[in-house]
Protein chains: 2
Amino acid sequence: MANIKEIARISGVSVTTVSRVLNNHPYVSDDKRNAVLNTIEQLNYRRNMNAVHLITGRTKSVAVIMPLIRIYYFSIIMEGLAQEALLAQYRLVLCQTNYRPEEELKVLEMLRNKEIDGVVIVSTSLKPEVIEEYTAYGPIVTCQNSGESRFSSVYIEHYAAFRHGLQYLADKGYRSIGYCDGRKHGSSSSIRQSAFRDFHRESGLPLHEEWMIFDCLNEEHGAALLHRLSAMEERPEAIIVAGDHVAAALMIEAGKQGIRIPEDLAVIGFDNQPIGKLLGLTTIDNKLFEMGAAAFQTIHEQIHGDGGSQPVHRKLDYELIERSSV
Amino acid sequence: MANIKEIARISGVSVTTVSRVLNNHPYVSDDKRNAVLNTIEQLNYRRNMNAVHLITGRTKSVAVIMPLIRIYYFSIIMEGLAQEALLAQYRLVLCQTNYRPEEELKVLEMLRNKEIDGVVIVSTSLKPEVIEEYTAYGPIVTCQNSGESRFSSVYIEHYAAFRHGLQYLADKGYRSIGYCDGRKHGSSSSIRQSAFRDFHRESGLPLHEEWMIFDCLNEEHGAALLHRLSAMEERPEAIIVAGDHVAAALMIEAGKQGIRIPEDLAVIGFDNQPIGKLLGLTTIDNKLFEMGAAAFQTIHEQIHGDGGSQPVHRKLDYELIERSSV
DNA sequence: TTGTAGGCGTTATCAG
DNA sequence: CTGATAACGCCTACAA
């Protein structure tokens with residue numbers, strides 16, 4: 001493989017000049033520039049980027065930590081990230097960790113290794129303290145509210161969004177409200193649980209523990225959810241579901257069972273997924289694409305900031321989209 | 001930042017010994033190993049992987065070219081790729097190219113640059129001849145049948161799968177069959193078009209050009225598709241739809257319009273998506289997860305083969321899943 | 001505008 | 001088992 005030295009020799013110039021041409025630096029005569037360009041063309045030369053990475057200390061690539069890429073929630077964020085990365089000419093290293101903390105840690109180690117210039121954490125099993133230890137090695141952005149942490153974050157307020165949904169149901173006259181979520185112990189799930197309890201305490205509406213249902217991750221769970229509701233002695237009039245795909249499944253199953261939406265059961269979902277739109281599902285759009293895009297922009301700014309840049313906490317707005325399921 | 005030299009100095013050994021410890025090589029006395037391990041611990045040292053990449057000529061990372069990560073089809077393949085990459089301790093660089101050939105080329109250039117050890121192309125706008133030029137720089141695997149090309153491929157036979165679906169409909173007694181696909185000029189779409197025409201020619205069933213419908217990419221298009229069918233003077237009894245999400249939308253819209261499935265319109269889809277399962281959609285499962293996994297395994301084998309390894313062409317089986325929409 | 005020389009942080013080679 | 005020393009391929013003061 002040809003290297004810069006050989007290009008220099010053949011072109012009759014120094015390696016410095018070749019490097020200058022390669023990097024579009026000024027102060028190279030047209031003669032020499034063309035000579036260099038010619039031999040590059042002739043030898044079909046390409047820079048070895050690993051050498052560039054070594055000496056510059058940067059790789060123009062950013063790692064993304066997410067549990068499962070096939071989940072709508074994550075894939076949309078990824079799309080936003082990828083769009084911005086493309087614009088900025090950055091590489092995105094997708095690290096699908098399956099919620100395994102040890103894998104997430106490995107990614108943070110890559111930052112120390114200088115393999116990547118920054119990390120975007122979309123969902124994490126790691127404690128903030130652990131993440132903070134790595135801020136010394138490069139910018140880190142999470143897609144969750146991280147409070148006053150030393151790393152940046154781009155987020156929507158899940159608490160407010162969830163309460164907004166609950167209040168919307170209450171305003172519509174529903175007096176008994178159920179709640180369905182994915183992993184019970186996920187961080188955003190915990191926030192929603194608090195919101196749910198706080199709302200009931202403050203509003204005085206009755207709260208049945210039975211109406212809080214977890215581990216509803218996919219469409220099958222959504223269908224099962226309907227049956228579970230049907231089987232209850234006292235069924236809530238409305239339900240708020242984290243994830244439109246689950247809510248959609250619930251609605252479809254309801255249709256099969258002759259349960260009318262919203263007359264017999266009102267439903268409100270999250271994520272504004274296409275299937276929900278089709279079904280007329282009222283939902284809270286948490287702007288996933290925008291979140292991904294903003295996360296990349298943030299990390300990009302931090303990388304190009306002069307190192308001493310302070311962590312940024314960027315709140316995005318959610319939006320309640322009214323359709324016909326409430 | 002501490003480097004290997006400093007570790008060596010402080011531990012009272014040579015850099016070679018440190019390197020040996022780092023790489024778990026044999027022939028290091030326990031004494032020295034411990035001494036090295038200690039100072040590594042003390043200084044909180046980590047290898048600079050860029051230096052390793054430079055000298056070894058490898059990066060343990062593979063790029064993935066796909067147009068849009070949020071599409072179910074691609075995200076599942078990505079999940080399969082990511083699972084295997086995790087097992088093999090490889091990094092995956094996701095390059096979302098939006099079908100732009102120039103971006104796809106950039107990724108192939110990364111292979112020359114030594115930034116990555118291999119490329120998985122899930123869908124491409126590039127001509128096989130162009131891709132072949134890059135096989136000199138590292139292994140390339142496509143997720144489409146590439147015939148006798150110099151790069152490897154992992155694929156299902158879209159032609160056979162599609163004809164299988166058509167034959168299934170014919171066997172069930174349907175005499176007029178429509179066809180709906182995404183991008184008209186996509187490579188796998190072209191294959192399905194051939195299959196559709198060939199099938200009609202050979203079976204003698206009537207083919208209306210009007211029954212071949214394109215640009216059905218998402219759920220809204222699926223709903224619109226139903227209306228388009230309804231408006232036809234002569235409507236097909238059955239339709240085969242590339243993409244369960246589109247087929248599902250069609251079914252849901254049919255439900256709203258009082259069109260019975262399969263009595264008024266039989267539907268068969270592709271991809272075996274969760275929403276289709278819920279709706280009882282008969283579909284052809286093209287084993288996307290397995291394809292991703294197999295693609296990674298293939299590239300991994302090629303990377304670790306002794307360079308001169310021949311391209312592999314691996315055909316995966318599809319599976320017709322009978323439910324109640326036919 | 002150009003070139004020389006040193007350095008980035010490892011691993012590989014080869015002689016002890 | 002251990003250690004000098006030479007790569008790997010490039011960028012960048014600094015000097016001219």
Side-chain angles (χ1 to χ4, degrees), chain A residues 1-40 43-61 109-117 137-138, chain B residues 1-40 43-61 109-117 137-138:
Chain A
M1 267 309 266
N3 58 22
I4 206 178
K5 215 164 161 181
E6 193 172 347
I7 302 294
R9 187 176 53 74
I10 298 179
S11 313
V13 301
S14 72
V15 292
T16 312
T17 302
V18 178
S19 178
R20 287 210 180 91
V21 173
L22 251 22
N23 296 290
N24 289 316
H25 282 197
Y27 301 129
V28 181
S29 66
D30 286 349
D31 275 8
K32 305 216 166 186
R33 164 164 282 119
N34 288 331
V36 170
L37 255 21
N38 272 333
T39 52
I40 285 179
L43 300 202
N44 227 290
Y45 163 82
R46 285 300 178 289
R47 261 193 300 202
N48 183 325
M49 290 310 287
N50 293 320
V52 178
H53 296 163
L54 173 58
I55 196 146
T56 61
R58 307 186 151 208
T59 58
K60 291 199 40 158
S61 61
E109 283 294 330
M110 289 172 65
L111 197 56
R112 294 181 70 173
N113 292 340
K114 307 263 187 195
E115 288 186 80
I116 49 179
D117 296 347
Y137 309 111
Chain B
M1 266 309 266
N3 59 22
I4 207 177
K5 217 163 161 182
E6 193 172 348
I7 302 294
R9 186 176 55 73
I10 298 179
S11 313
V13 300
S14 71
V15 292
T16 313
T17 301
V18 178
S19 179
R20 286 206 179 93
V21 172
L22 252 21
N23 296 288
N24 289 314
H25 283 200
Y27 303 130
V28 181
S29 66
D30 286 349
D31 275 9
K32 305 215 166 188
R33 163 163 283 119
N34 289 330
V36 170
L37 255 22
N38 271 333
T39 52
I40 285 179
L43 299 202
N44 227 294
Y45 163 82
R46 285 299 179 289
R47 260 191 302 201
N48 182 324
M49 291 308 289
N50 293 319
V52 178
H53 295 163
L54 172 58
I55 193 138
T56 61
R58 307 185 151 210
T59 58
K60 290 198 44 158
S61 63
E109 283 294 330
M110 290 172 65
L111 197 56
R112 293 180 71 173
N113 293 341
K114 306 263 187 196
E115 288 186 80
I116 50 177
D117 296 347
Y137 309 111

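Throughout, a chain's letter reflects where its sequence line sits, starting with A, and its residues are numbered from 1. No hydrogens, no waters, no symmetry mates; every other heavy atom, side chains included, goes into these values. Since this is a predicted model, take the numbers as computed values, not measurements.
- Per the geometry, CD1 belonging to B:Ile7 stands 18 Å off C1' belonging to D:dT2, to the nearest Å.
- Atom CG in A:Asn34 sits about 12 Å away from atom P in C:dT2, given to the nearest Å.
- Contact check, B:Thr17 against D:dC1: no side-chain N or O comes under 4.0 Å of OP1 or OP2.
- Nucleotide C:dC8 holds its C1' atom 16 Å from the CD atom of A:Glu115, rounded to whole Å.
- Judged by distance alone, with hydrogens and angles left aside, the side-chain atoms of B:Asn113 form no donor-acceptor pair with the main-chain N or O of A:Asn48 at under 3.5 Å.
- Closest heavy-atom contact between A:Glu115 and A:Ser61: O-OG, 3.5 Å.
- Every residue two or more places apart in sequence or in another chain that forms a side chain to side chain donor-acceptor pair (under 3.5 Å) with B:Asn44 is listed here: A:Arg112.
- Scanning for side chain to side chain contact (heavy atoms under 4.5 Å, CB included) contacts around A:Asn23 gives A:Ser19, A:His25, A:Arg47, with sequence neighbours left out.
- Partners of B:Asn50 according to the side chain to side chain donor-acceptor pair (under 3.5 Å) rule, which considers only residues two or more places apart in sequence or in another chain, do not exist here.
- With A:Ser11 contributing its side chain and A:Val13 its backbone, the two residues share no donor-acceptor pair below 3.5 Å.
- Partners of B:Arg46 according to the side chain to side chain donor-acceptor pair (under 3.5 Å) rule, which considers only residues two or more places apart in sequence or in another chain, are A:Glu109.
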Protein proximity profile, nucleotides 7-16 of chain D - base contact B, sugar-phosphate-only contact S, no contact -, cut-off 4.0 Å on heavy atoms: BBBBBB----
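- What separates OH of B:Tyr27 from P of C:dA12 is a distance of 16 Å, to the nearest Å.
- Atom CD1 of B:Ile40 and atom C1' of C:dT10 are 13 Å apart (whole Å).
- Helix bend of the helix from C:dT1-D:dA16 to C:dG16-D:dC1: the angle between its two end axes, each built from five pairs, comes to 30° after rounding to 10°.
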Please assess A:Ile40 against A:Leu22 for the test side-chain contact (heavy atoms from CB on, under 4.5 Å), listing each intermediate value before the final yes or no. CA-CA 10 Å; A:Ile40 285 179; A:Leu22 251 22; 3.6 Å; yes
